Amino acid sequence: MKKQCENLGLAMLVMVNRFFTEEELPKLREFLKELKVIEVDGIYYGDECVLYEADLLDMKDKLIYNPDTLITNHADVQFYLDEGISMVSISKEITKDEVCEIAHQVKGDIEIIIHGRVNMMHSKRNLISNYLKFIGREEDIKGKRSLFIMEETRDEHMPIMEDEFGTHVFSGYTLASFMEIKDFVDAGVRHMRIDGIFHNIDYVCEALRLYHEILDGKDAKQIDEMYREKYKEDHVTSGFYYTKTSKVKVGE
């Protein structure tokens, strides 16, 4: 994979963003050593033990802190960057203005997710398997990506999947940032991610092409409207860009 990335002129970034128990640390050390040998370009992490172990291997400059919802202000971003890592991924649940403010004030690189279903919750428990067992059904659902849950207070179908690491719940909407991407670039954001976990590579490449077209001068509103119409079933929205999560929770 590393050689393929080099041939295509792509950076290779590896997810190591699970939480590790004491018993799993030897395997983590072994894996980090392997990543160092093949010279990966970046390592996403969410557990501070990865920072500690990577520091022992002189690999801190490869790390990207990615704790999902936790990074919501520039002081926290700067704290982690000052530890010597390469980049920090900021929360998807803050407004566009807050993202731009962080980008303006931080000295170093930040990353934002601009497109796709976003991770809302993770549990180490096998919630789906336990539920099926409780109602007396036997079904193999490991890695299955066609299951949804629906809350009584929201008209949203949220994808839910279970794998060897537990249960993951994703947003009932698809985040799109066609109207916001120029503001992010103007604020100094240089790293943006498209999450295609529930789609194929063609879907991801289409979104990537459309963002490039906007940055090249095409009308963002027209592209946004076209995309929402084409992917109605994905419930395309601007996420929390214009609504603080605290107001959403109070309203419910």
Side-chain angles (χ1 to χ4, degrees), residues 13-25 27-28 31-32 35 42-54 63-73 76-77 80 85 87-94 98-99 110-135 139-154 156-175 191-199 204 234-235 237 239-241 244-246 248-249 252:
L13 308 178
V14 179
M15 288 286 193
V16 190
N17 61 334
R18 60 170 294 183
F19 283 85
F20 296 90
T21 63
E22 293 288 336
E23 295 76 16
E24 295 167 330
L25 289 180
K27 287 188 176 181
L28 169 62
F31 187 54
L32 289 176
L35 296 183
I43 301 169
Y44 286 98
Y45 76 102
D47 191 330
E48 290 285 11
C49 78
V50 179
L51 173 65
Y52 177 81
E53 296 295 340
L63 296 183
I64 303 166
Y65 188 43
N66 181 40
D68 282 328
T69 62
L70 298 184
I71 302 297
T72 59
N73 62 81
D76 284 350
V77 174
Y80 289 104
I85 66 175
M87 189 161 61
V88 174
S89 296
I90 62 176
S91 172
K92 310 165 292 292
E93 289 78 20
I94 60 178
E98 289 169 330
V99 172
I110 64 170
E111 178 196 60
I112 58 174
I113 292 179
I114 61 170
H115 200 97
R117 298 273 181 163
V118 295
N119 187 21
M120 302 295 288
M121 188 212 77
H122 168 255
S123 172
K124 278 194 171 184
R125 297 179 178 88
N126 295 325
L127 300 179
I128 306 177
S129 298
N130 290 340
Y131 171 71
L132 292 175
K133 184 178 180 180
F134 177 75
I135 64 175
E139 187 175 343
D140 183 15
I141 47 81
K142 291 293 183 184
K144 196 172 182 179
R145 299 186 180 185
S146 58
L147 302 176
F148 298 85
I149 59 174
M150 187 172 179
E151 291 184 344
E152 292 183 358
T153 58
R154 302 184 188 184
E156 291 183 350
H157 290 71
M158 293 178 285
I160 182 171
M161 60 178 290
E162 183 178 301
D163 57 21
E164 63 269 29
F165 304 117
T167 307
H168 313 267
V169 179
F170 295 81
S171 62
Y173 61 87
T174 294
L175 173 67
H191 302 271
M192 307 178 203
R193 181 154 37 112
I194 297 172
D195 195 323
I197 185 171
F198 294 103
H199 298 93
V204 174
D234 280 1
H235 305 288
T237 76
F240 293 99
Y241 286 151
K244 287 182 176 291
T245 52
S246 57
V248 174
K249 291 176 182 176
E252 292 173 356

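Quantities reported herein were computed from a predicted structural model and do not represent experimental measurements.
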Given 3.5 Å as the limit, does a donor-acceptor pair link the side chain of [X] with the main chain of [Y], or not?
X      : Y      : answer
Thr174 : Asp234 : yes
Ser123 : Thr167 : no
Asp47  : Phe20  : yes
Arg193 : Ile112 : no

Can you tell me how far the [atom1] atom of [X] sits from the [atom2] atom of [Y], to the nearest 0.5 Å?
X      : Y      : atom1 : atom2 : answer
Ile160 : Tyr131 : CD1   : OH    : 11.0 Å
Ser89  : Leu70  : OG    : CG    : 12.0 Å
His115 : Met192 : NE2   : CE    : 14.0 Å
Phe31  : Leu28  : CZ    : CG    : 9.0 Å
Ile71  : Thr69  : CD1   : OG1   : 9.5 Å
Glu98  : Ile90  : CD    : CD1   : 9.5 Å

Looking at every non-hydrogen atom in both residues, tell me the closest pair between [X] and [Y] and how far apart they are.
X      : Y      : value
Ile113 : Leu175 : O-CD2, 3.4 Å
Met158 : Phe170 : CB-O, 3.1 Å
Tyr80  : Glu48  : CE2-OE2, 3.0 Å
Pro159 : Phe198 : CB-CZ, 3.5 Å
Asn126 : Gly166 : OD1-CA, 4.0 Å

Partner residues of Thr21 under the side chain to side chain donor-acceptor pair (under 3.5 Å) criterion, sequence neighbours left out: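 Counting only residues at least two positions away or on another chain, Thr21 forms a side chain to side chain donor-acceptor pair (under 3.5 Å) with Glu23, Glu24.
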If only side-chain N and O atoms count, and only distance matters, is there a donor-acceptor pair under 3.5 Å linking Glu53 with Tyr45?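 No pair is found: no donor N or O on one side chain lies under 3.5 Å from an acceptor on the other.
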Hey, can you tell me if Phe148 and His157 have their rings parallel, tilted or perpendicular (30° and 60° cut-offs)?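 Geometry flag for His157 against Phe148: perpendicular rings.
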Is there a side-chain contact between [X] and [Y] in this structure, where contact means two heavy atoms from C-beta onward sitting under 4.5 Å apart?
X      : Y      : value
Leu127 : Met121 : yes
Lys142 : Glu162 : yes
Ile128 : Lys144 : no
Leu35  : Val16  : yes

Between His191 and Ile64, does the side-chain contact (heavy atoms from CB on, under 4.5 Å) criterion hold? Intermediate values first, please. CA-CA 11 Å; His191 302 271; Ile64 303 166; over 6 Å; no
Quick one: list whatever passes salt bridge (charged side-chain N to carboxylate O under 4.0 Å, His left out) with [X], sequence neighbours left out.
X      : result
Arg145 : none
Lys124 : none
Asp68  : Lys92
Glu22  : none

Worked check of side-chain contact (heavy atoms from CB on, under 4.5 Å) between Asp195 and Asn119: CA-CA 10 Å; Asp195 195 323; Asn119 187 21; over 6 Å; no
For His122, give me all partners under ring-ring contact (aromatic ring centres under 6.0 Å, His included), at least two apart in sequence or on another chain.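 His122 satisfies ring-ring contact (aromatic ring centres under 6.0 Å, His included) with His168 only.
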